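A short write-up of the structure that comes next.
Keep in mind that this is a model prediction, so the values were computed, not measured.
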Protein chains: 2
Amino acid sequence: MAHREDSTSLLKQKGLTPTPHRVMVLGILGNSPSPLSPQEIFATLQRSHPMNRVTLYRILDMLVAHGLVERIQSGDRAFRYGLNAQSPHAEHPHFYCSHCGSIQCVHADSIHVQVEDIQKTFPGLIQRMEIRLDGICKNCLRNHKGKKAGNERAAQKP
Amino acid sequence: MAHREDSTSLLKQKGLTPTPHRVMVLGILGNSPSPLSPQEIFATLQRSHPMNRVTLYRILDMLVAHGLVERIQSGDRAFRYGLNAQSPHAEHPHFYCSHCGSIQCVHADSIHVQVEDIQKTFPGLIQRMEIRLDGICKNCLRNHKGKKAGNERAAQKP
DNA sequence: GACATAATGCAACTGAATTGCATAAAGGTC
DNA sequence: GACCTTTATGCAATTCAGTTGCATTATGTC
Ligand SMILES: [Mn+2]
Ligand SMILES: [Mn+2]
Ligand SMILES: [Zn+2]
Ligand SMILES: [Zn+2]
């Protein structure tokens with residue numbers, strides 16, 4: 001969990017001026033256990049430190065471009081942003097609940113994808129990998145499984 | 001590669017009336033080596049069998065709902081659609097070129113993700129998995145790497 | 001053929017993100 | 001501090017992909 005000072009120094013390390021806006025955004029991401037959508041970040045900001053949503057998008061883009069933040073795709077049409085895991089071994093899948101849209105980090109060691117092996121035979125340059133699991137989250141499973149219909153579209157039979 | 005008759009019978013198998021539109025869409029997907037965006041499908045259709053784009057979206061949704069077609073997320077904001085691999089073992093990652101936006105199927109056997117293992121400890125219900133590799137495709141690598149700037153945003157340092 | 005149901009078309013709308021340009025803040029030089 | 005350049009933020013309008021509501025047309029059943 002990154003606190004204000006951490007966020008500031010992280011920004012400085014990357015040669016980015018630690019403006020209040022940037023520090024706030026990075027702090028929110030650092031305090032969240034799971035990646036957040038711009039909307040969620042925006043809502044959190046509104047309460048204490050309102051900013052224009054374009055600014056938020058630009059800050060997120062910049063943080064991603066400098067490797068401080070990771071942008072992942074969820075099952076829906078909005079991206080999620082989370083602090084970038086420093087070590088390449090901390091890569092992990094994310095679970096997307098197609099009912100409520102929530103995202104969770106999944107730390108499982110039964111994931112063995114040898115990108116290097118694929119790279120040997122694949123003609124393009126592989127820079128990144130993303131693994132997503134789709135399904136129904138714990139909460140939605142018990143809150144009787146069909147109350148307020150969410151975005152069920154992503155569920156498809158294999 | 002599914003031909004007209006194949007598409008028709010596939011639809012019938014699922015109890016769907018094989019209308020010309022549906023047969024065409026399924027045929028296009030069957031003839032493509034890689035998943036296509038609605039835009040690409042639409043453009044292909046325009047030449048021979050124009051249809052309203054809402055109809056296309058509805059047909060794609062239906063095909064996915066009935067398991068004939070798989071909808072995957074690429075690095076950008078548009079979904080891609082491809083014939084659903086019948087056997088669960090045919091699951092494979094997809095490569096997304098962040099420069100030109102093209103998608104390729106990656107058939108590699110160095111992918112070992114035991115969803116069952118994850119399911120043992122994960123409290124939600126896992127229904128599906130999606131693996132995506134991001135990078136620069138063969139073509140974009142050689143066509144001197146910085147001509148018409150594409151959607152470079154997805155590229156982020158690990 | 002009359003009727004019910006399913007499929008398609010059309011227009012307007014939505015949500016997420018982007019673009020262009022104006023304004024404000026930060027930094028450097030004298 | 002005044003002056004200028006660069007960087008950051010705000011605001012309005014726009015794009016892009018997909019969705020919704022409702023009218024119209026096809027398809028099937030008796
Ligand atoms: Mn995570
Ligand atoms: Mn494929
Ligand atoms: Zn849920
Ligand atoms: Zn490419």
Side-chain angles (χ1 to χ4, degrees), chain A residues 7-8 11-12 14-26 35-43 45-46 49-66 69 71-81 96 98 100-101 103 149-154 156, chain B residues 7-8 11-12 14-26 35-43 45-46 49-66 68-69 71-81 96 98 101 103 149-154 156:
Chain A
S7 303
T8 303
L11 287 164
K12 281 184 187 161
K14 294 288 180 177
L16 302 171
T17 58
T19 71
H21 282 170
R22 291 172 182 174
V23 172
M24 279 304 295
V25 172
L26 201 48
L36 301 173
S37 68
Q39 311 288 353
E40 293 170 314
I41 302 169
F42 192 68
L45 284 168
Q46 283 303 73
H49 196 103
M51 84 176 63
N52 190 276
R53 49 189 207 94
V54 178
T55 306
L56 173 56
Y57 281 119
R58 285 194 279 231
I59 289 177
L60 290 172
D61 276 358
M62 150 176 298
L63 295 177
V64 170
H66 285 80
V69 162
R71 183 181 69 164
I72 65 169
Q73 264 186 333
S74 54
D76 57 40
R77 293 176 28 73
F79 291 105
R80 308 294 149 106
Y81 296 85
Y96 170 74
S98 61
C100 70
I103 295 271
N151 170 25
E152 221 71 301
R153 226 184 58 157
Q156 56 184 260
Chain B
S7 303
T8 302
L11 287 164
K12 281 185 189 162
K14 294 287 181 179
L16 302 170
T17 58
T19 71
H21 282 169
R22 291 173 183 173
V23 173
M24 280 304 293
V25 172
L26 201 48
L36 301 173
S37 68
Q39 312 286 354
E40 292 169 315
I41 302 169
F42 193 68
L45 284 168
Q46 283 302 73
H49 195 103
M51 84 177 62
N52 189 276
R53 54 189 205 98
V54 178
T55 305
L56 173 57
Y57 280 119
R58 285 195 280 234
I59 288 176
L60 290 172
D61 276 357
M62 149 176 300
L63 295 177
V64 170
H66 285 80
L68 286 175
V69 162
R71 182 182 71 164
I72 65 170
Q73 264 186 332
S74 54
D76 57 39
R77 296 181 16 79
F79 292 104
R80 307 293 149 105
Y81 297 85
Y96 170 73
S98 61
I103 295 272
N151 169 25
E152 220 71 303
R153 226 186 56 158
Q156 55 183 261

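Residues A/E40 and A/S37 approach most closely at OE1-N, 2.8 Å, considering heavy atoms. Residues B/M51 and B/F42 approach most closely at O-CE1, 2.9 Å, considering heavy atoms.
Between the CG atom of A/D76 and the C1' atom of D/dA17 there is a distance of 13 Å, given to the nearest Å. If you measure from atom CG of B/L56 to atom C1' of D/dC16, you get 15 Å, rounded to the nearest angstrom. Rounded to whole angstrom, the span from the CE atom of A/M51 across to the P atom of D/dA8 amounts to 14 Å. In this structure, the CG atom of B/L11 is 15 Å from the C1' atom of C/dA6, given to the nearest Å. Following rounding to the nearest Å, A/R80 (CZ) and C/dA16 (C1') show an atom-to-atom distance of 11 Å. Distance B/L63 CG to C/dA7 P: 12 Å, rounded to the nearest Å. At whole-Å resolution of the value, CG in A/L36 and P in C/dA16 are 14 Å apart. The CG-P distance, from A/L60 to C/dA16, rounds to 14 Å in whole Å.
A donor-acceptor contact shorter than 3.5 Å links the side chain of A/R22 to the backbone of A/T17. In this structure, the side chain of A/R77 engages the main chain of B/R77 through a donor-acceptor pair within 3.5 Å.
Using a 4.5 Å cut-off on side-chain heavy atoms (C-beta onward), A/H49 and A/H21 make contact.
Closest to the A/N52 side chain, of the nucleotides C/dA17, D/dT20, D/dG10, is D/dG10. With D/dT9, D/dT19, C/dG9 as the choices, the nucleotide that has an atom nearest any side-chain atom of B/R58 turns out to be C/dG9. Nearest nucleotide to the B/R22 side chain, out of C/dA7, D/dG18, D/dG10: C/dA7. For A/Y57, taking side-chain heavy atoms from C-beta onward, the closest of the listed nucleotides D/dG18, C/dA16, C/dT8 is C/dA16. Of the candidate nucleotides C/dG15, D/dT9, C/dT8, C/dG15 has the atom lying nearest to any side-chain atom of A/R77. Taking every side-chain heavy atom of B/F79 into account, D/dG18 is the closest of D/dG18, D/dG10, C/dA16. The side chain of B/V54 lies closest to C/dA11 when the candidates are C/dT8, C/dA11, D/dG10.
Applying the side chain to side chain contact (heavy atoms under 4.5 Å, CB included) test between B/M62 and each of B/V25, B/L11, B/L16 identifies B/L16 as the sole match. Paired with A/Y81 under the rule side chain to side chain contact (heavy atoms under 4.5 Å, CB included), one option of A/V69, A/I59, A/I72, A/L63 passes, and it is A/V69.
Between C/dA7 and B/T19, no contact under 4.0 Å exists linking OP1 or OP2 to a side-chain N or O. In this model, the phosphate group of C/dA26 is not approached by any side-chain N or O of A/T17 to a distance below 4.0 Å at OP1 or OP2. A sub-4.0 Å separation between OP1 or OP2 of C/dT8 and a side-chain N or O of B/H21 is present. In terms of phosphate contacts, A/Q39 brings a side-chain nitrogen or oxygen within less than 4.0 Å of OP1 or OP2 of C/dA16.
Along DNA chain D, the nucleotide closest to B/P38 and the one closest to B/P20 are compared, and the more 5′ of them pairs with B/P38. Both A/R53 and B/L16 lie close to DNA chain C; mapped to their nearest nucleotides by heavy-atom distance, the more 5′-ward contact belongs to B/L16.
Listed by chain and residue number, B/D76, B/R80 satisfy the side-chain hydrogen bond (donor to acceptor under 3.5 Å, both in side chains) test with B/S74 (two or more places apart in sequence, or in another chain).
Here A/S37 lies out of heavy-atom contact (under 4.0 Å) with every strand.
Annotation: the terminal axes of the helix from C/dG1-D/dC30 to C/dC30-D/dG1 meet at 20°, where each axis is the rotation carrying the C1' atoms of four end pairs onto the next four (5 pairs per end, rounded to 10°).
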